[in-house]
Every structure is written in structure tokens, then in C-alpha cells.
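One structure below.
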Amino acid sequence: MSGLHVGIIMDGNGRWARAQGRPRWRGHLAGVDSVRDVVRGAPEIGITTLTLYAFSSDNWKRPPGEVGRLFWLLREYCQRERNELVESGVRVTHVGRRDRIPQSALAELDRTLKATARGHRLHLQLAIDYGSRWALTEAARAISRHVASGDLRPEEISLDLLDRAVAGEVPNPDLIVRTAGEQRLSDFLLWESAYAELYFTDALWPDFRREDLALAVSEFQRRERRFGAVTAPAEAPQPTVVG
Ligand code: FPP
């Protein structure tokens, strides 16, 4: 049986740093410890896919110094954690635009994607320079190219086809967690989360640990998921179910 796909909007690094009288980047630095801990703990609580929103398309609006630090942290994370990720069976993939990621961070990310490609215990999807509306636009472009070249008729565009164009083979998330008290999705997995359960916690991301993730998963397991039907089906429906 396949396990859970959990997506996390890691929020509150800046507030954590401010509360400690430190610069914002120290919050991001502390946030990396939370990333390490939830990645280590996720497989033990039945998670087989974990998507972390590490840098949104809108995060480019932050001061260049902060953006630079975030990509530096990403580079460091990839470099330092690579061996452990390989040894613990984590397969890392990237979702988002590649073309704007600074070269040195991209090189480390690519090394990590390659080194971990055979991992089968946990799929860690890093959303970097990612936005759902961008992903949907890309999917629309890809489908339009097939229509324009005559390989596809417009009436063949189904919900299933669009789902594959947007999400590929990655199963839709079962649960989206957002830290730091905000209750919005901020352009994260909008299409894929059509039937995801949402879980909001006041914990700031640098304070979030695997135990907090386990709590979110246990609350999720108590919820009744109906996928638009009247009673809970045994399994998640295919994307053709509407309601
Ligand atoms: C939101 O907090 C957090 C981010 C924009 C970045 C998340 C990045 C990390 C946790 C570190 C790098 C990631 C990896 C995968 C190695 P915020 O700055 O918006 O917090 P605030 O709302 O309190 O200001």
C-alpha cells in the first residue's frame, strides 16, 4: 500500500528570528534543522512523499541579501546532507523553475538529485522557485503544443491528462501542513490539493519537529475524507471524480 503524501508550507522563520532579536536569516538557518528532522522522521509515520515549499516564485520579491542566503542554505543542505539522504533511501526531486536558481545552488541540487535517484523509502520533493499558477501555465503550454502539432484533439484533454501534465506521476497530496498560524495556500500545489486535508499550526517552522508532523498526521487520520461522495470510499478516487 502506498503511504501518505504530505506537503509543508514552512512559514515563520522571520518571526522566530525576530523573537530572538536575531537577523531574519538566522531563522532560515534554524529552519534547516527542522527540515533535517522532518525528513528523518517522515518515513516512520507512514509518509512516502514529502513536498517542502522551500522558495516560492514570489520569494524573489525579498531583499537580494535574504534571497542569496536562502540559496546558500539550499546549497549547504544539499552538500552536507547528500550522503545521509542516500544512505537513508531518500530520493530528492525538484519541482519549479530551474532557470533562475543561482548556478552554485543548482549544481549542488543536481548532484543531490542524481546521487539519490535510487532512493525508495521517501520521495522528498523540493519546491524551489515554484508556484502552482506557473506550473499550471507550463502544463497549458505543453498541452497546447500537442494540440498545435496535431497529436492531440482539444476534446481529448481530460482531467486525467491535465493532472499528469501538472503533477506527473507524483500522487496528489493527502495533507497540507502550514506553520506559523497563517491559513492560506500561497500558490502551493493548488491543483493537486483539490481534496487534500489542510492542517494549520501556530508553531513557527524553526520550532517544528517530527513530533509535530506526527501530530498533524494523526489528526489527518481521524478526519473523514469523502472526495465529494456521501460515505468515505476505501481509497482515493482517480482524478475523474468531481463533486
Ligand atoms: C518562510 O518564512 C520560509 C521561507 C520563505 C524559506 C524556507 C526555507 C528554509 C526552511 C531553509 C532552506 C530549505 C531547505 C529545503 C534546505 P518567512 O521568512 O516568510 O517567515 P515570516 O513570515 O515569519 O517572516
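Each ligand, and each atom within it, is numbered from 1 in the order the structure gives.
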Atoms of ligand 1, numbered as shown, that sit under 4.0 Å from any heavy atom of [X]:
X    : value
R24  : 17 (P), 18 (O), 24 (O)
G14  : 17 (P), 18 (O), 20 (O), 21 (P), 23 (O), 24 (O)
W205 : 10 (C)
L70  : 6 (C), 8 (C)

Mark yes or no for whether T49, through its side chain, and H5, through its backbone, hold a donor-acceptor pair below 3.5 Å.
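A pair under 3.5 Å: no.
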Set of residues satisfying salt bridge (charged side-chain N to carboxylate O under 4.0 Å, His left out) with respect to R111, sequence neighbours excluded
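Only E108 meet the salt bridge (charged side-chain N to carboxylate O under 4.0 Å, His left out) criterion with R111.
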Pair R91-T116, side-chain donor/acceptor within less than 3.5 Å
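Side-chain D/A pair, R91 to T116: absent.
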Looking only at side chains, do S186 and R178 share a donor and an acceptor under 3.5 Å apart?
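R178 and S186 do have a side-chain donor-acceptor pair below 3.5 Å.
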From A19, S34, A127, A54 - option closest to atom 8 (C) of ligand 1 by heavy atom
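Nearest option to atom 8 (C) of ligand 1, by heavy atoms: A54.
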Option nearest atom 11 (C) of ligand 1 (shortest heavy-atom distance, choices V32, I128, L29)
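The residue whose heavy atom sits nearest atom 11 (C) of ligand 1 is V32.
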If you take all heavy atoms of N172 and A167, which pair is closest and at what distance?
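Minimum heavy-atom separation between N172 and A167: ND2-CB, 4.4 Å.
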Polar contacts were defined as any N/O atom of the residue lying under 3.5 Å from an N/O atom of the ligand; does this apply to [X] and ligand 1?
X   : answer
Y77 : no
N13 : yes
R62 : yes

Examine the proximity of ligand 1 to N59 and report which part, side chain or backbone, both or neither, has a heavy atom under 4.0 Å away.
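Looking at N59 and ligand 1, just side chain atoms fall under 4.0 Å.
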Is it the side chain, the backbone, both or neither of W16 that has a heavy atom closer than 4.0 Å to ligand 1?
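W16 to ligand 1: no contact under 4.0 Å from either part.
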